Amino acid sequence: MADSARVDAWIWAVRFAKTRSAATEACRAGHVRINGERAKPAQRVRSGDEVRVRVAGVERIAVVQQTISKRVSASVAATCMIDLTPPPPPAAERELVPQRDRGAGRPTKRDRREIERLRGRGGPSH
């Protein structure tokens, strides 16, 4: 294996992104950091670098063990990094988001006030 690889190719190869172009877009959007610094798609990663990737609202943290630039099986990809991502919070601790029925239309003023009250941003309740 090479001693370094492009960060976008590495993110794709270890399955943090579904496609190589999605990994490139994440880099361009500023969702990728190498050792705390914002990374461009062509920036090189080496063994020992810490890579942070924000994908779908979740930050994934990994330390590079081995640099790869081609997609490999999940078991091989797992050996190429040390995953330091903290586990997600239990369902009971996640913030409750009010759900509306599909096709229910726009919330009424009363609905909006109830939503704000649930989120803890509401004013005086009547």
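This one's a predicted model, so the numbers in the text were calculated from it and none came from an experiment. The chain is numbered in sequence order, starting from 1. All heavy atoms count here, side chains included; hydrogens, waters and symmetry mates do not.
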Quickly, which of Arg117, Lys109, Glu116 forms a side chain to side chain contact (heavy atoms under 4.5 Å, CB included) with Arg113? Name it, please.
Lys109
Should the pair [X]-[Y] be classified as a salt bridge under the 4.0 Å nitrogen-to-oxygen rule?
{"X": "Arg46", "Y": "Asp3", "answer": "no"}
{"X": "Arg106", "Y": "Asp111", "answer": "no"}
{"X": "Arg52", "Y": "Glu50", "answer": "yes"}

State, with a plain yes or no, whether a side-chain heavy atom of [X] is found less than 4.5 Å away from one of [Y].
{"X": "Arg20", "Y": "Asp8", "value": "yes"}
{"X": "Pro41", "Y": "Arg6", "value": "yes"}
{"X": "Val53", "Y": "Glu59", "value": "no"}

Quick check for you: to the nearest 0.5 Å, what is the distance between [X] atom [atom1] and [Y] atom [atom2]?
{"X": "Ile34", "Y": "Asp49", "atom1": "CD1", "atom2": "CG", "answer": "6.0 Å"}
{"X": "Met81", "Y": "Thr67", "atom1": "CE", "atom2": "OG1", "answer": "14.0 Å"}
{"X": "Arg60", "Y": "Arg54", "atom1": "CZ", "atom2": "CZ", "answer": "12.5 Å"}

Do you know the tightest heavy-atom contact between [X] and [Y]?
{"X": "Ile11", "Y": "Cys27", "answer": "CD1-SG, 4.4 Å"}
{"X": "His31", "Y": "Ala29", "answer": "CD2-CB, 3.3 Å"}
{"X": "Trp10", "Y": "Cys80", "answer": "CZ2-O, 3.9 Å"}
{"X": "Thr85", "Y": "Ile61", "answer": "OG1-N, 2.9 Å"}
{"X": "Ser69", "Y": "Ala13", "answer": "C-CB, 4.3 Å"}
{"X": "Arg71", "Y": "Trp12", "answer": "NH1-O, 2.6 Å"}

Would you say Val7 and Val72 are hydrophobically clustered, going by side-chain heavy atoms of ILVMFWY under 4.5 Å?
yes
Determine, using the 4.5 Å side-chain heavy-atom cutoff (strictly less than), whether Val76 and Val51 are members of one ILVMFWY cluster.
yes
